[in-house]
Structures are given as structure tokens and as C-alpha cells.
Visitor: 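This structure is in C-alpha cells; I'll ask about it shortly.
A, B, ... follow the sequence lines: proteins, then strands. Residue 1 opens every chain. Since we're looking at a predicted model, the values are computed, not measured.
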Amino acid sequence: MENLKQPSAAGSPTKGWPTGGWYRYGVMFIALEAVIAVLQTVYALYMVLSGSGGFGGGH
Amino acid sequence: MNNPNVKKIGQMVLASSGFLMCFAMWFATAAFSVAIMKEYGLEKAQLAVLASSAMWLQPFFRQFAGVLADRFGAPRTAALTLAYTGVFSILSGFSHNYTELFITRLVVATAGIFFVIGIQHMAQWFEKQEIGLAQGIYAGTGNVGAGLGALLLPRLYGLDYRTAFIHMGILALALSAIYWRMGVAAITPERARKARESATLKDTIYVISRFTAIALMLQYAMSFGLEIGMNAWLPSYYRLAFQPQFEALGYKSLEALAIVAGTLASVQSFNASLWRPFSGFISDLFLRKHWTPWPFLNRSDPLAPRLHWVFTSMVAATLMMFVFTLAGLSGNLTFSVGALALLGFTTAFGTGSNFGVTPVLFRKNPGIATGFIGGVSTIGGILYPLIYGKVANIHTGYALVAATLFIPFMLIFITAFRPGKRIEVDAGVGSWKIHGLQAPLMEPAQGE
């Protein structure tokens with residue numbers, strides 16, 4: 001039980017915030033990936049709304 | 001090239017590319033299930049075995065990969081994984097019968113172990129205040145390989161799965177050579193040395209018997225386990241549950257059905273993968289803002305805000321499983337696809353939030369912890385489709401899984417991360433002294 005009273009492995013995570021210069025590009029990358037996810041979902045909805053005659057319907 | 005940010009991004013691009021390739025190979029068999037079924041005259045049950053076989057070797061091999069990554073470094077382990085799966089992918093393209101195809105694809109499916117290697121690689125390069133986004137970008141980009149495969153492979157290759165497998169194998173071999181040449185194990189030689197020295201059997205047994213590791217593993221089973229189970233199950237679900245709706249829409253031929261079912265299935269995969277970095281970012285944000293909304297979880301540990309985001313993701317995914325069942329029962333295909341997108345979105349919360357915590361909590365043994373959490377949790381990917389397929393009403397399996405498995409997993413998580421001054425990371429079966437270790441996981445300077 002004495003182990004449980006020791007400091008966490010996490011240490012102090014907020015020390016050194018904000019993070020390195022790469023981080024802002026990472027956030028931009030999130031936006032790009034989110035746009036792709038939304039577009040793919042919209043396309044799937046289009047396929048079920050337009051039927052096989054629509055673009056990419058497999059015919 | 002001496003700029004540390006450039007080096008970090010370089011290693012991230014390398015790991016993400018390798019993982020994308022491996023994930024695409026892992027689920028490429030499912031993308032061609034219709035063609036394989038037709039060529040070999042497979043029954044539905046045989047097809048189910050082929051689909052689930054992609055997961056069989058993950059629980060054990062991932063644990064093994066984690067130890068290898070800690071011991072020999074991620075680049076060597078990654079290059080080796082890409083090389084042997086690439087060779088077997090090429091061999092599967094030349095298979096003469098179903099047995100040869102099944103065995104070679106079983107080996108190719110072990111490409112899924114790459115996840116653990118890349119997580120270890122990222123943990124060795126990124127600091128704890130930025131690790132949420134870093135792991136999210138790596139894993140999210142890689143995971144989308146499954147969705148890309150489901151979406152693109154039938155369109156690019158039609159029913160010609162052999163050519164697709166050969167091309168993917170050649171690409172994997174090329175990436176293997178690049179990883180070997182350009183990969184660096186850790187940001188400092190000291191960090192790589194510490195991981196190497198801690199990759200022992202004693203450490204492995206100790207880490208996997210900690211309650212926190214088990215709770216995080218169960219949380220990952222209800223996020224990543226759910227994601228891969230859905231990858232394997234959803235094409236069959238849509239074909240079986242919405243056949244009349246597809247026919248009414250004009251999707252009647254085998255090829256058209258494969259394309260529409262693959263496209264709908266990839267909604268889950270795309271959302272679960274591509275929102276994962278966003279979840280990592282939110283994890284970083286929880287930490288920065290010190291958000292701790294759940295009173296029954298630890299609130300005072302420096303890592304606590306990230307845990308609160310993990311738990312939030314568990315609540316969201318559980319709720320969405322019930323909504324997805326409701327959507328199916330309504331018989332409305334549009335509602336079902338919309339609910340599936342949101343289910344994928346909340347699944348990404350879970351996967352992205354977990355690896356904002358795991359590599360930091362187990363800084364001393366990132367490969368071992370990741371191997372256990374990322375490996376054993378894949379049993380969910382085998383178990384859930386079996387439940388979905390067993391229930392009398394095909395739509396109700398999701399609600400059943402949420403009620404009987406996800407809610408108990410949440411209770412275990414609450415118990416493991418209960419309120420207290422610090423997260424009790426060393427609580428588990430036997431103390432570190434009994435396990436013969438030199439120091440507990442809580443030791444502040446570990447892995448630094």
C-alpha cells in the first residue's frame with residue numbers, strides 16, 4: 001500500500017505548455033481529416049438517397 | 001534536418017504511412033469477400049470464419065510486438081512486420097486453392113500488430129503534454145486504411161483480388177525498406193535504452209496485472225474493439241438487414257451490392273479513424289483546462305483531466321449503440337447511416353482519448369502496456385460480431401452489447417480510477433516488490 005502514496009507516473013503534464021511548433025500543423029491536419037470524414041459520410045448518404053443511378057453507384 | 005520538430009514530424013509520417021499500409025492489408029480480405037465467396041463457392045459460415053480470422057492472432061501477437069518494439073526499437077520491428085506481411089500478401093495473390101489463400105491471408109492479417117509498434121514509436125518521440133494529438137494523428141491516419149480499402153479496392157480492382165494483394169505486398173516491401181533506413185527508435189538514446197532495459201517478462205506480467213491497465217484495456221475493447229468488429233460485420237449487416245431497400249434503390253448485382261455495402265460500412269471506419277486526432281486534441285485540451293466533470297473519478301492527479309475525457313467517450317459510445325439499434329429498427333436506411341456516422345465519431349473519442357493516457361501512465365513500458373491494451377482489446381472485435389449475428393433481431397445486438405458489456409466496463413473503469421490524491425497505477429495483483437522489480441511504475445522519473 002505504501003506504493004500508492006507515491007507521486008503518479010504522470011508527473012506534471014502541464015509543465016512546458018504550450019507544445020512545440022509542430023502542434024499547430026497537427027491541429028490543421030485534424031481539420032483536413034474531419035473534412036474527409038464528413039465528405040465520405042455525405043457521399044454514403046448520397047448513395048442511399050440517389051440509388052444506383054447516382055455517381056459511383058456501381059453501374 | 002536538425003530541427004527537432006522536423007524530426008518528430010518525419011517519424012510521425014513514417015509511422016502513420018506504415019500503419020496505413022498495414023491496416024489496409026489487414027482488412028483487404030473483407031473488401032473482396034464477395035469475390036472470394038463467388039470463386040470458391042463459400043457458404044455464409046465459411047465467409048464468417050474468413051472475416052473473423054483477421055482478428056484471431058491479434059491478442060497474442062500484439063503483446064509480443066510491444067515487447068519487441070521496446071527491446072529492439074520500433075523501426076526494426078516495423079520494417080520486419082511490413083516485410084513479412086508484404087511477402088505473404090504477394091504469395092496470397094498466387095494461391096492455388098482456398099486453403100492456401102486462407103493461410104496466407106491469416107499471416108497477412110497479423111499486419112494489425114503494427115498499431116502497437118507505432119504507438120511505442122510515437123511515445124518515444126513526443127512529450128506528455130502533446131502526446132494526445134501525436135498519437136491521434138498517427139493512429140487515426142493509419143486506421144483509415146481499413147476504410148480506404150473498403151471504399152477503393154472494389155472500385156480499382158473489381159473482383160480481381162489477386163492483383164490487388166500483389167500490388168499491396170509490393171508497396172509494403174517498399175515501405176519496409178524506407179522504415180529501416182529512416183526510422184529512429186527514440187528522441188534520445190537514453191529513452192530508447194530505458195525502454196530496452198524494461199522489456200522483460202517480469203515487467204510484462206507486472207504491467208498486465210495492474211487494475212488501471214485492465215480498465216484501459218476494457219475501455220479500448222469498447223472503442224477500438226468495436227471499430228474493428230464493425231469493420232468485419234457491417235457489410236454483412238447492411239446486406240442482410242436492408243436488402244429490400246437496396247433492391248428498391250437499384251443495387252441488385254453482386255458487384256453493386258459489394259460497392260454499396262462497402263461504402264456504407266466505411267462510414268463507420270472513416271469517422272472512427274479520422275476523428276481520432278480530434279479526440280487526442282480534446283484530450284490535450286481537457287488537460288490544459290483542467291476539466292474534470294465526473295465526481296466519481298479521480299480529480300487531483302495531474303493526468304486526471306485526460307481520464308475524464310476517456311470516460312466521457314465511454315458514455316457517448318454506449319448511448320450511440322442504443323441509437324444505432326433504434327435506427328435499424330426504424331428500417332430507415334438514411335437514419336441508420338447517420339447514426340452510424342455518429343457512432344464512428346464517438347468511437348473515435350474512445351480510441352483517441354485512451355492513448356492520451358496509456359503511454360504517459362506507463363511511460364516506463366510503453367510497448368508492453370500498448371501491446372496489452374491494444375492487443376487483448378481486439379477480442380472485442382471477435383466477440384461483438386458473434387453477438388450481433390446470434391440475436392433473433394439483427395438490429396438489437398448493438399443495444400445488447402452496450403447493456404451487457406459496455407456498462408460493466410464503465411463500472412470497472414470508475415473503480416480503477418476512483419477519487420484519491422493520485423491515480424493508483426501500481427494497484428493490482430501483487431506489489432512491484434513481489435514481482436521482483438527494481439521500482440514501481442509511479443516512480444516520477446521513469447522513462448524521462
Visitor: Tell me whether Arg239(B) at atom CZ has more than 12 heavy atoms from other residues, nucleotides or ligands lying less than 6.0 Å away.
Guide: no

Visitor: Under 4.5 Å, counting heavy-atom pairs only, tell me which of Phe345(B), Phe281(B), Phe242(B) racks up the most with chain A.
Guide: Phe281(B)

Visitor: With a 4.5 angstrom heavy-atom cut-off, is it the side chain or the backbone of Ala248(B) that approaches chain A, or both, or neither?
Guide: neither

Visitor: What class does the angle between the rings of Phe278(B) and Phe349(B) fall in, given that below 30° is parallel, 30 to 60° is tilted and above 60° is perpendicular?
Guide: tilted

Visitor: List the residues meeting side chain to side chain contact (heavy atoms under 4.5 Å, CB included) with Val38(A), not counting sequence neighbours, and say none if there are none.
Guide: Val42(A), Trp275(B)

Visitor: With chain A as the partner, which of Thr334(B), Ile9(B), Ile131(B) has the greatest number of non-hydrogen pairs under 4.5 Å?
Guide: Thr334(B)

Visitor: Flag the pair Phe286(B) / Thr292(B) as yes when at least one side-chain heavy-atom distance between them is below 4.5 Å, and no otherwise.
Guide: no

Visitor: Relative to chain A, which segment of Ser269(B) carries a heavy atom at a distance below 4.5 Å: side chain, backbone, both, or neither?
Guide: neither

